[in-house]
**Q** 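Mind looking over this structure? Questions follow.
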Number of protein chains: 2
Amino acid sequence: MDDRSAEALNRLRRVGGRVTPQRRIVIEALIDAHPHPSAEDVAERIAEVAPEIHLSTVYRTLNTLTELDVITHVHLDHGRSVYHFVDDSGPHLVCRNCGAVAHVPADTFGAVSDEVASATGFTLGHGHFAWSATCPDCTSA
Amino acid sequence: MDDRSAEALNRLRRVGGRVTPQRRIVIEALIDAHPHPSAEDVAERIAEVAPEIHLSTVYRTLNTLTELDVITHVHLDHGRSVYHFVDDSGPHLVCRNCGAVAHVPADTFGAVSDEVASATGFTLGHGHFAWSATCPDCTSA
DNA sequence: ATATGTGCAAACGATTTGCAACCCT
DNA sequence: AGGGTTGCAAATCGTTTGCACATAT
């Protein structure tokens, strides 16, 4: 079992939550999916394996895992959001147009983060944050 | 009449659009509102002056102005978005929680933008872009 | 004259919620 | 046993759309 799965289940138990088959499957789907799946991506993946699991259960689990700081999500242009594990290497760039994702170099982020904080008081959070941008593909299109 | 209003109306005419009273009022509301109103903020403002103007007209006008590059919008945490004129002094920080806005110092932005482009190929667009962060108020809460 | 815009109501897509049945611990 | 969890259906929220009527050019 993946470390992230074990970790997630532990956190669930720690707060008095139950480890249900549905939750295991949602977590597995999150791990097996590409690195930044939307709720629907996760749901589709699950549908192939366990079609009885209701969409609302997927959402509820995603929310629970978010509260436990196991995952976070980033909002894309039209209501959709993409989820990822919190330990996934810091800040992201998200293409405003197609949702493609890249990582901001850590040192760039650190420097900017400091400058922004001292200039404005705003905090650029760690996992909880993304820069909207245009990816190379959409730039040329 | 505000420059921005004149400019917006000109662009409308230039593409064969019509300058209707509704559109004038939406543009005025955008100018008179605080710098980053949501569609609903704009609509509320309008309701006080011209309650006949339908919400869908507000949305349609906002979309039209977006296509004409007069305004852009930034998505907040829960589906809502905030609008602003494109010429509004570059990049923004938007509080992921409450929607409060601050400006990223221009020199910080320039440097980051270059680094990000060379490292990832992603383009941090000018008016079309925002960083989600947490404002001082929401950080302490 | 005629293309464009408007009001209205109904449709949308993503996400959430109330509730009764269910099943981890 | 007992409370957290699920499935389902209905509700919500912001935004969009089809259509008949109105209007700017």
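What's counted below: heavy atoms across the whole structure, side chains too, no hydrogens, waters or symmetry copies. Proteins get letters first, then strands, A, B, ... in listed order; numbering begins at 1 in each.
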**Q** Rounded to whole angstrom units, what separation is found between the CG atom of A:N63 and the C1' atom of C:dA14?
**A**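 It is 12 Å, rounded to the nearest whole Å.
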
**Q** Quick check on side chain to side chain contact (heavy atoms under 4.5 Å, CB included): which of B:T61, B:L65, B:T64 does B:I71 satisfy it with?
**A** B:L65

**Q** Rounded to whole Å, how long is the line connecting atom NE2 of A:H73 with atom P of C:dA14?
**A** 15 Å

**Q** Check each of B:L30, B:I25, B:I53 against B:V58 using the side chain to side chain contact (heavy atoms under 4.5 Å, CB included) test, and report the only one that passes.
**A** B:I53

**Q** Pick base, sugar-phosphate or nothing for B:L55, based on heavy-atom distances below 4.0 Å to the nucleic acid.
**A**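 It contacts base atoms.
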
**Q** Closest-nucleotide mapping onto DNA chain C: is B:H54 or A:H54 further toward the 5' terminus? I mean the 5' end.
**A**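 Counting from the 5' end, the first nearest nucleotide belongs to B:H54.
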
**Q** Rounded to whole Å, please give me the gap between CD in A:E52 and P in C:dC23.
**A** 12 Å

**Q** Please report, rounded to the nearest Å, how far the C1' atom of C:dT6 is from the CD1 atom of B:I46.
**A** 13 Å

**Q** Check this for me: does the side-chain of B:R60 come within 3.5 Å of the base of C:dG7 through a donor and an acceptor?
**A** yes

**Q** Does A:E7 come within less than 4.0 Å of A:R11, counting only side-chain N to carboxylate O?
**A**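 Judged by the 4.0 Å cut-off on N to carboxylate O distance, A:E7 and A:R11 do form a salt bridge.
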
**Q** Whole angstroms only, please: what is the CZ-P distance between B:R24 and D:dT25?
**A** 8 Å

**Q** Please tell me which of B:R13 and B:Y59 maps to the more 5' nucleotide of DNA chain D, matching each residue to the nucleotide holding its nearest heavy atom.
**A** B:Y59

**Q** Measuring to OP1 and OP2 of C:dT17, would you say a side-chain N or O of A:S56 lies under 4.0 angstrom away?
**A** no

**Q** Check the distance between D:dG14's P and B:L62's CG and give it to me in whole angstrom.
**A** 14 Å

**Q** What nucleotide among C:dT6, D:dG7, D:dA24 has an atom nearest to a side-chain atom of B:T61?
**A**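 Ranking C:dT6, D:dG7, D:dA24 by closest atom to the B:T61 side chain puts C:dT6 first.
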
**Q** Expressed in angstrom and rounded to an integer, what is the separation of B:R18 atom CZ from D:dC21 atom C1'?
**A** 15 Å

**Q** Specify the residue among B:Q22 and B:E40 whose closest nucleotide of DNA chain D lies further upstream toward the 5′ end.
**A** B:E40

**Q** Within the distance-only criterion (no hydrogens, no angle test), does the side chain of B:D41 pair as donor or acceptor with the backbone N or O of B:S38 below 3.5 angstrom?
**A** yes

